[in-house]
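Report on the following structure.
Just follow the structure's listing: the first ligand is 1, and inside any ligand the first atom is 1.
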Amino acid sequence: MSEWTRTCDPSGEGGSPAAPAEPNPGVADFADKCRTASCRSCGQAGLEPVLDLGMMPLSDGFVPAERLAEPDERFALDVAFCPACGLMQILETVPPEKLFCEDYPYYSSFSDTLLAHSRENALELIEGRGLGRDSFVVEVASNDGYLLRNFVERGIEVLGIDPAEGPARAARSRGVPTTCAFFGKELARSLREERGPADVLLANNVLAHVADTNGFVQGIRTLLADDGVAVIEVPYVRDLIDHGEFDTIYHEHLCYFSVTALDHLFRRNGLFLNDVRRLSIHGGSLRLYVERVERVGERVREMLAAERRDGLDQPAYYRGFARRVETFRGQMRALLADLKERGARLAAYGAAAKGTIMLNYIGVDADTIEFVVDRNVHKQGKYVPGVRIPIAPTEALLERRPDYTLILAWNFKDEIMRQQAAYADAGGRFIVPIPQPEIVAGA
Ligand code: JHZ
């Protein structure tokens with residue numbers, strides 16, 4: 001049992017003084033919605049309810065000043081579990097063109113931790129698979145070229161594919177050839193005809209984002225060379241549930257994968273999950289090694305057995321989550337209200353997509369959190385969707401000296417606290433919300 005689970009929910013089944021006494025009026029509707037829904041992956045009719053976060057704005061829909069008068073578009077954000085294939089998923093599908101548009105504000109290169117993580121992955125593949133000038137490496141959701149640049153540097157032929165023109169432009173400007181498109185079966189077929197099969201196909205933090213999950217996997221199979229490998233990273237649902245990372249649930253993330261659900265998904269589409277590693281990135285992820293030939297390694301077998309043993313393939317594992325999330329909300333509200341009452345000034349660090357969900361779910365606006373800072377110049381000057389808190393450059397922390405800074409990008413807390421040592425030295429304190437609300441003096 002995780003630290004978070006222990007603190008918030010000793011029974012593991014929810015129920016705490018902070019949980020609201022009134023039943024959520026939406027609960028009956030939510031249960032009905034789950035009953036009539038079918039699984040995105042295996043098509044099973046009838047899902048099990050997990051969590052209803054209510055109507056939420058789009059997490060990366062940062063609002064420019066000139067659009068402040070317009071209301072935010074909101075969509076239901078509710079999560080269910082498929083008892084047949086073990087996939088946790090959201091029920092709503094927002095059109096991808098709305099989510100990954102020209103001005104998609106997420107640029108991977110603003111985190112040094114992620115850059116180092118990606119470089120290590122690339123160098124290991126180059127070495128391990130003996131990649132060279134005659135190799136072809138494709139990355140789906142290549143963003144601003146943060147990963148492929150490491151292959152380009154070694155003279156390896158690469159192609160990035162990303163539907164968001166802004167990040168794709170940034171990638172091209174650093175020498176990473178990038179096609180601006182959504183990846184799927186059709187694109188895979190035409191690329192294979194034009195360019196030949198891929199020796200390595202990378203797809204990090206994108207499998208959970210696509211509406212046609214099976215079609216996307218079929219596309220991977222089509223483009224992959226017979227002896228090629230697809231190296232795929234996804235957040236791990238075990239970490240999400242065990243550490244209470246509810247804020248990583250948003251409309252861009254349609255699926256929340258276990259190894260069990262992934263194994264079913266790949267097999268259904270003629271691919272095999274042959275190796276897997278657990279990673280700490282993004283609050284806990286899996287790196288998957290997927291091939292056209294079946295040679296399932298020990299690590300996959302062990303993780304499948306561990307998931308069966310711990311019940312990740314059963315609804316009961318997910319059942320207490322909703323009440324634990326409500327308890328968390330009560331704790332955060334109480335903590336922030338107490339600090340405000342004592343006259344403290346509050347800010348936040350990291351206009352992360354998950355930060356939008358955290359702030360909207362807790363229900364705090366600019367009266368409580370004066371401003372959010374972020375290194376990403378594409379977010380600065382805009383406002384957090386829903387709660388409309390302004391986003392400033394990171395220097396604002398030292399200039400405006402809030403007493404406490406809530407780290408919304410808690411997955412990068414070590415990097416952030418190291419970088420903000422001067423703020424901490426000047427007396428500033430951090431609030432790390434996940435896995436449990438905690439006040440920290442600094443790195
Ligand atoms: P970060 C993204 O989610 C988007 P987000 C996406 N939906 C996804 O799948 C997940 O990642 C995995 C800033 N920052 O990366 C940069 C600093 O300002 O946790 C970002 O705006 N200074 C594709 O958006 C934000 O914080 C720093 O020193 O939740 C972090 O966002 C660092 C380290 C980050 O992911």
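Closest protein heavy atom to atom 31 (O) of ligand 1: A352 CB, 3.4 Å. If you check which protein heavy atom lies closest to atom 9 (O) of ligand 1, you get H253 NE2, 2.8 Å. Scanning all protein heavy atoms for the shortest distance to atom 23 (C) of ligand 1 gives Y104 OH, 3.3 Å. With respect to atom 5 (P) of ligand 1, the closest heavy atom belonging to the protein is A353 N, 3.5 Å. From the protein, the heavy atom lying nearest to atom 7 (N) of ligand 1 is E252 OE1, 2.8 Å. Shortest contact from atom 32 (C) of ligand 1 to any protein heavy atom: F110 O, 3.9 Å. Counting only heavy atoms of the protein, atom 22 (N) of ligand 1 lies nearest to Y349 OH, 2.8 Å. The shortest contact between atom 28 (O) of ligand 1 and any protein heavy atom is with Q419 NE2, 2.8 Å.
For the residue pair E139/Y146, the side-chain donor-acceptor check at 3.5 Å is satisfied.
The pair D403-R345 does not count as a salt bridge, with every side-chain nitrogen at least 4.0 angstrom from each carboxylate oxygen. A salt bridge links K33 with D78: the distance from a Lys NZ or Arg NE/NH1/NH2 to an Asp or Glu carboxylate oxygen falls below 4.0 Å. Electrostatic pairing of D263 and R267 counts as a salt bridge here, judged by a charged N lying under 4.0 Å from a carboxylate O. The pair R119-E153 counts as a salt bridge, with a side-chain nitrogen and a carboxylate oxygen less than 4.0 angstrom apart. A salt bridge links R172 with E165; the closest basic N to acidic carboxylate O contact falls under 4.0 Å.
Ligand 1 is never approached by F100 to a heavy-atom distance shorter than 4.0 Å. In this structure, Y107 does not count as a contact residue of ligand 1, since none of its heavy atoms falls inside 4.0 Å of the ligand.
The shortest N/O to N/O separation between K379 and ligand 1 falls below 3.5 Å. Checked by distance only, ligand 1 and K354 come closer than 3.5 Å through their nitrogen or oxygen atoms. Of the N or O atoms in Y250, one or more lie within a sub-3.5 Å distance of an N or O in ligand 1. The distance criterion of under 3.5 Å between nitrogen or oxygen atoms is met by H209 with respect to ligand 1. The shortest N/O to N/O separation between V373 and ligand 1 does not fall below 3.5 Å. An N or O contact shorter than 3.5 Å is missing between N205 and ligand 1 by distance.
Both tests hold for R329 against Y361: distance to the six-membered ring centre under 6.0 Å, angle to the ring axis within 45°. In this structure, R400 satisfies the cation-pi test against F371, with its NZ or CZ atom closer than 6.0 Å to the six-membered ring centre and inside 45 degrees of the ring normal.
Partners of P385 by side chain to side chain contact (heavy atoms under 4.5 Å, CB included), not counting sequence neighbours, listed by chain and number: P57, F62, D72, T356.
At a 4.0 Å heavy-atom cut-off, ligand 1 touches R375 through backbone and side chain alike.
Taking the six-membered ring for Trp and thresholds of 30 and 60 degrees, F75 and H251 have ring planes more than 60 degrees apart, a perpendicular arrangement.
Residue contact check: G350 has heavy atoms under 4.0 Å from atoms 26 (O) of ligand 1. Counting the atoms of ligand 1 from 1 in the order shown, those under 4.0 Å from a heavy atom of F412 are 1 (P), 15 (O), 19 (O), 33 (C). Residue H282 has at least one heavy-atom neighbour below 4.0 Å for each of these atoms of ligand 1: 11 (O), 12 (C), 15 (O). Remark: ligand 1 atoms within the under-4.0 Å shell around heavy atoms of S111 are 33 (C). Close contacts of ligand 1 with A409, meaning ligand atoms under 4.0 Å from a residue heavy atom, involve 26 (O), 30 (C). Listed by number with element, the atoms of ligand 1 under 4.0 angstrom from any heavy atom of N411 are 19 (O).
Atom CG of L406 is separated from atom CG of L359 by 6.5 Å, given to the nearest 0.5 angstrom.
When the shell of 6.0 Å around CD of E302 is examined, it contains more than 12 heavy atoms from other residues, nucleotides or ligands.
Under the 6.0 Å cut-off for aromatic ring centres, F272 and F266 do not qualify, their centroids lying 6.0 Å or more apart. Between F81 and Y317, a ring centre-to-centre spacing not shorter than 6.0 Å is recorded.
With atom 16 (C) of ligand 1 as the reference point, the heavy atom nearest to it among I416, D374, N376, I407 is part of D374.
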